[in-house]
Amino acid sequence: QVQLVESGGRLVQAGGSLRLSCAASGGTFSNLAMGWFRQAPGKEREFVSVITWSGSNTYYADSVKDRFTISRDNAKNTVYLQMNSLKPEDTAVYYCAAAIALYGVRNPRSYNYWGQGTQVTVSS
C-alpha cells in the first residue's frame, strides 16, 4: 500500500510562488506515475499536472501551463509542484496522486493512491 503525504500549502498573495511536495512510502516510487489534482469549494476535483515514471514526460492543465512545473526525485520518493504567478482562482486543496498504469492522465479514476491534500489559498 502506497502512502502519500503532501506539504507546502499555505496562504500566499497573488503573483507569489509556492512549492508543494508529496512524499511517497510503501511502494516502488519509480514504478508510479505521479499527479497533482486540486479541488476548490463546491467544484469537482480537477487535473493539474502529471509526471511519468522516469520524469521524461509531463502534462499540464491549460489553466496552469507556463506557471506550474512538476518534477520528481526518485531517490527521495518525492514529487514536487512549483507554482508561480499564483492567482486567486488557484485557491484549492491540492492532492497528490499515484498511478500504476496511466491510461487517462486527467481522469481521477486513473489513479490508485491519494494523499490527504494540502490547502493553498491565494489572496488578491
Colleague: May I ask you to test the S17-Q82 pair for a side-chain heavy-atom distance under 4.5 Å?
Modeller: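 Yes - at least one pair of side-chain heavy atoms lies under 4.5 Å apart.
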Colleague: Where the side chain of S110 meets the backbone of G104, is there a donor-acceptor pair that is under 3.5 Å apart?
Modeller: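 It does hold such a pair.
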Colleague: Can any side-chain N or O of Y59 pair as donor or acceptor with the backbone N or O of R106 at less than 3.5 Å?
Modeller: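 No; zero donor-acceptor contacts below 3.5 Å.
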Colleague: Below 4.5 Å, heavy atoms only, C-beta onward: do V48 and F68 meet side chain to side chain?
Modeller: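 Answer yes - side chains close enough.
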Colleague: Restricting to non-hydrogen atoms, name the atom on A98 and the atom on L4 that form the minimum distance, rounded to 0.1 Å.
Modeller: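 Heavy-atom minimum between the residues: N-CD1, 3.8 Å.
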Colleague: Identify the heavy atoms of T121 and Q119 that sit nearest to each other, and give their distance.
Modeller: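 So the two residues come closest at OG1-NE2, 3.3 Å.
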Colleague: Take V120 and M83 through the side-chain contact (heavy atoms from CB on, under 4.5 Å) test and state the conclusion after the steps.
Modeller: CA-CA 10 Å; V120 172; M83 305 187 295; 3.9 Å; yes
Colleague: S123 and side chain to side chain contact (heavy atoms under 4.5 Å, CB included): which partner among V12, T91, L11?
Modeller: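 Single side chain to side chain contact (heavy atoms under 4.5 Å, CB included) partner of S123 among V12, T91, L11: L11.
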Colleague: Roughly how far, to the nearest 0.5 Å, is the SG atom of C22 from the CE atom of M34?
Modeller: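 One gets 4.5 Å once the value is rounded to the nearest 0.5 Å.
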Colleague: Between L81 and R19, is there a side-chain heavy-atom distance shorter than 4.5 Å?
Modeller: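 Counting from C-beta outward, R19 and L81 never come under 4.5 Å.
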Colleague: Could you check whether R72 makes a cation-pi contact with F29, meaning its NZ or CZ is under 6.0 Å from the centre of the six-membered ring and within 45° of the ring axis?
Modeller: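 Yes, cation above the ring, under 6.0 Å and within 45°.
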Colleague: Hydrophobic cluster membership, with links at side-chain heavy-atom distances under 4.5 Å among I/L/V/M/F/W/Y: are V50 and V93 in one?
Modeller: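 Hydrophobic grouping puts V50 with V93.
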Colleague: Are N31 and I100 packed together at the side-chain level, in the sense that at least one heavy-atom pair is separated by less than 4.5 angstrom?
Modeller: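 Sidechains of I100 and N31: no contact.
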Colleague: Thinking salt bridges, do K87 and D90 make one under a 4.0 Å N-O criterion?
Modeller: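 No salt bridge links K87 with D90.
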Colleague: Could you list all the side chain to side chain donor-acceptor pair (under 3.5 Å) pairs where at least one residue sits in residues 45-54, not counting sequence neighbours?
Modeller: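 Only R38-E46, Q39-R45, S54-S56 qualify under side chain to side chain donor-acceptor pair (under 3.5 Å).
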Colleague: Flag yes if V105 and W114 sit in one hydrophobic cluster, no otherwise; membership is Ile, Leu, Val, Met, Phe, Trp, Tyr, and two members link when side-chain heavy atoms are under 4.5 Å apart.
Modeller: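 Yes, because V105 and W114 connect within a single hydrophobic cluster, where side-chain heavy atoms sit under 4.5 Å apart.
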Colleague: Would the number of heavy atoms belonging to other residues, nucleotides or ligands and lying under 6.0 Å from CD of Q116 be above 12?
Modeller: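 It does not: Q116 CD has 12 such atoms or fewer within range.
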Colleague: Centres of the F37 and F47 rings: under 6.0 Å?
Modeller: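 Ring centroids of F37 and F47 are less than 6.0 Å from each other.
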Colleague: Can you tell me how far CG of N57 sits from CD1 of I70, rounded to the nearest 0.5 angstrom?
Modeller: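 Separation between the atoms: 12.0 Å.
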Colleague: Nearest 0.5 angstrom please: Y80 OH to C96 SG, how far?
Modeller: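 Here the rounded value is 11.5 Å.
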Colleague: To the nearest 0.5 Å, what is the distance between OG1 (T69) and CG (N84)?
Modeller: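 Spacing of OG1 (T69) from CG (N84) equals 6.5 Å.
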Colleague: Say you draw a straight line from OG of S25 to CD of Q3; how long is it, rounded to the nearest 0.5 Å?
Modeller: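 Spacing of OG (S25) from CD (Q3) equals 4.5 Å.
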Colleague: Between the main-chain N or O of T78 and the side-chain N or O of D73, is there a donor-acceptor pair closer than 3.5 Å?
Modeller: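 Flag not set: sc D73 to bb T78 has no pair under 3.5 Å.
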Colleague: Mind checking the OG-CD spacing from S21 to E6? Nearest 0.5 Å is all I need.
Modeller: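 Taking OG in S21 and CD in E6, the distance rounds to 10.5 Å.
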Colleague: Take N112 and V2 through the test side-chain contact (heavy atoms from CB on, under 4.5 Å) and record every step on the way to the result.
Modeller: CA-CA 9 Å; N112 306 94; V2 174; over 6 Å; no
Colleague: With a 4.5 Å cut-off on side-chain heavy-atom distances among I, L, V, M, F, W and Y, is there a chain of contacts connecting L18 to V64?
Modeller: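 Yes, it is one cluster - the side chains of L18 and V64 are joined through contacts under 4.5 Å.
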Colleague: Group every Ile, Leu, Val, Met, Phe, Trp and Tyr by side-chain heavy-atom contacts under 4.5 Å, then state whether L32 and Y94 land in the same group.
Modeller: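 Shared cluster, yes.
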Colleague: Evaluate the side-chain contact (heavy atoms from CB on, under 4.5 Å) criterion for residues Y95 and T118: first the C-alpha distance (whole Å), next the side-chain angles of each, then the deciding distance (0.1 Å), finally the verdict.
Modeller: CA-CA 7 Å; Y95 296 92; T118 185; over 6 Å; no
